Amino acid sequence: MRIATWNVNSLGVRLGRVESWLADFQPDVLCIQETKLADDAFPALTFQALGYESFHHGQGQWNGVAILSRVGIEDPQVGFADGGDADPEARAVWATCGGVRVASLYVPNGRSLDNDHYQYKLRWLERLRVHLATSCAPTDEVCVVGDFNIAPDDRDVWDLAKFEGATHVSQAERAALGELLQWGMTDVFRAKYVEDGLYSWWDYRGGSFHKRQGLRIDLVLATAPLAARLEHTLIDRSARKGETPSDHAPVIADFGPR
DNA sequence: ATGGTCGTTGCACGA
């Protein structure tokens with residue numbers, strides 16, 4: 001089972017690229033972030049014609065997350081089932097695809113450590129932790145993927161000095177991610193590759209991609225029964241090349257049969 | 001030199 005995640009930075013602009021990427025990589029599940037579309041503008045029929053059912057939660061101009069699946073979409077769910085207020089931003093969808101509980105997440109950016117949005121980010125991560133702890137078990141097959149806007153450790157940052165005092169690397173964010181891992185999830189890309197310099201996002205400005213100045217912030221987290229079957233994982237840097245790319249590359253994980 | 005680009009929208013702001 002091939003599960004992929006890709007922050008496309010506007011599905012309206014990137015639909016052609018997503019269509020050809022699906023044809024090239026044939027994922028069973030593709031989780032998309034930053035569709036920047038309202039639900040009635042989501043191109044479900046286009047994906048259906050390619051063999052993918054879909055579930056989208058959007059709000060229009062910003063955010064927006066989706067799951068595409070050619071192995072079924074059951075029990076779709078939006079946001080967090082923690083009894084709290086609905087998230088005002090469209091950042092999380094869940095569905096069961098081929099027996100795996102899948103989440104497509106767009107974790108808040110945080111903007112800066114002294115910004116209210118950073119507190120929203122930390123609260124959002126805590127709601128994610130509670131949602132997982134109360135609706136899933138580490139012994140279930142759960143795959144939580146997306147743009148985490150957190151570089152898990154220093155290997156995932158091109159220049160630590162540039163990020164001193166910034167979001168994406170702060171102790172509190174990394175600790176929040178660490179709690180998800182401690183609960184029972186594996187960062188499957190890091191499980192296969194230990195070296196630094198392997199990134200999934202590069203700033204559009206200043207030729208960052210060609211200078212290899214990026215961050216690894218797009219993650220595939222899997223519970224033990226799934227992670228034990230990991231066969232391959234890849235960041236598709238080729239998708240960051242050419243005309244009008246997203247600033248993120250897709251991340252793929254292949255899990256063998258049960 | 002504290003910039004740079006791209007997406008949204010609308011002539012600024014978020015990432």
Side-chain angles (χ1 to χ4, degrees), chain A residues 5-21 30-43 46 56-66 87-93 104-125 128 145-152 156-170 172-174 176-177 198-219 235-251:
Chain A
T5 180
W6 193 5
N7 179 325
V8 299
N9 186 19
S10 173
L11 185 57
V13 168
R14 227 67 68 194
L15 181 59
R17 272 187 173 259
V18 173
E19 287 182 81
S20 57
W21 193 88
L30 173 62
C31 294
I32 297 176
Q33 300 86 39
E34 282 206 86
T35 64
K36 298 185 177 178
L37 294 176
D39 287 335
D40 61 8
F42 183 78
T46 299
H56 176 250
H57 173 51
Q59 62 182 80
Q61 296 83 9
W62 307 108
N63 311 308
V65 283
D87 190 344
E89 303 188 357
R91 295 181 174 276
V93 282
S104 178
L105 305 180
Y106 178 41
V107 177
N109 175 289
R111 297 176 191 163
S112 62
L113 299 190
D114 60 358
N115 193 298
D116 288 345
H117 203 254
Y118 178 69
Q119 295 306 318
Y120 167 59
K121 181 180 197 174
L122 295 179
R123 287 195 306 272
W124 198 96
L125 289 164
L128 171 61
V145 310
D147 176 359
F148 278 75
N149 273 315
I150 301 170
D156 303 313
V157 182
W158 68 275
D159 186 345
L160 272 176
K162 295 246 184 331
F163 284 84
E164 196 175 323
T167 59
H168 294 63
V169 302
S170 73
E173 291 164 76
R174 286 177 166 176
L177 176 61
L198 302 173
Y199 308 130
S200 65
W201 171 87
W202 300 261
D203 199 299
Y204 282 124
R205 295 169 290 187
S208 299
F209 178 68
H210 298 286
K211 296 181 195 165
R212 301 181 177 270
Q213 299 177 344
L215 299 174
R216 190 176 69 92
I217 54 177
D218 298 274
L219 308 178
I235 299 172
D236 176 27
R237 293 181 76 260
S238 70
R240 182 64 176 77
K241 300 179 180 177
E243 295 294 309
T244 61
S246 170
D247 45 354
H248 295 254
V251 184

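Because the structure is predicted, anything quoted here is derived from the model rather than measured. All values below come from the heavy atoms of this structure, side chains included, with hydrogens, waters and symmetry mates left out.
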* salt bridge (charged side-chain N to carboxylate O under 4.0 Å, His left out) contacts touching residues 109-125 of chain A (sequence neighbours left out) -> A:Lys121-A:Glu173
* Is there a donor-acceptor pair under 3.5 Å between the side chain of A:Tyr199 and the backbone N or O of A:Ala249? -> no
* Asked: Taking only residues two or more places apart in sequence, or in another chain, which ones meet A:Asp236 in a salt bridge (charged side-chain N to carboxylate O under 4.0 Å, His left out)?
  -> none
* To do: Evaluate the ring planes of A:Trp201 and A:His248, with Trp represented by its six-membered ring, and classify them as parallel (under 30°), tilted (30 to 60°) or perpendicular (over 60°).
  => tilted
* Using the P atom as the reference point in each nucleotide, state the distance between B:dG3 and B:dC11 in Å, no decimals. => 22 Å
* Take atom CG of A:Asp159 and atom C1' of B:dT2, then tell me their distance rounded to the nearest Å. => 14 Å
* Asked: Is there a side-chain polar atom (N or O) of A:Ser10 under 4.0 Å from OP1 or OP2 of B:dT8?
  -> yes
Which atom pairs link the protein and nucleotides 12-15 of chain B when you take only N or O atoms and keep those under 3.5 Å?
from, atom 1, to, atom 2, distance (Å)
B:dA15, OP2, A:Arg111, NE, 2.7

* Are the side chain of A:Ser104 and the backbone N or O of A:Val93 linked by a donor-acceptor pair below 3.5 Å? -> no
* Asked: Does any pair with a residue in residues 6-21 of chain A pass salt bridge (charged side-chain N to carboxylate O under 4.0 Å, His left out), and if so which ones, sequence neighbours excluded?
  -> none
* **Span that lies between the P atom of B:dA15 and that of B:dT9, in whole angstrom** => 15 Å
* Asked: A:Gly60 or A:Gly206: which one's nearest nucleotide on DNA chain B is closer to the 5' end?
  -> A:Gly206
* Asked: In whole Å, what separates the P atom of B:dC13 from that of B:dG4?
  -> 15 Å
* Asked: Has the side chain of A:Asp203 got a donor or acceptor atom that lies under 3.5 Å from a matching backbone atom of A:Ser208?
  -> no
* Structure fact -> So, with a heavy-atom separation below 4.0 Å from DNA chain B, the residues of residues 161-169 of chain A are none
* Can you list the residues that meet the ring-ring contact (aromatic ring centres under 6.0 Å, His included) rule with A:Phe42, with sequence neighbours excluded? -> A:Phe47, A:His56
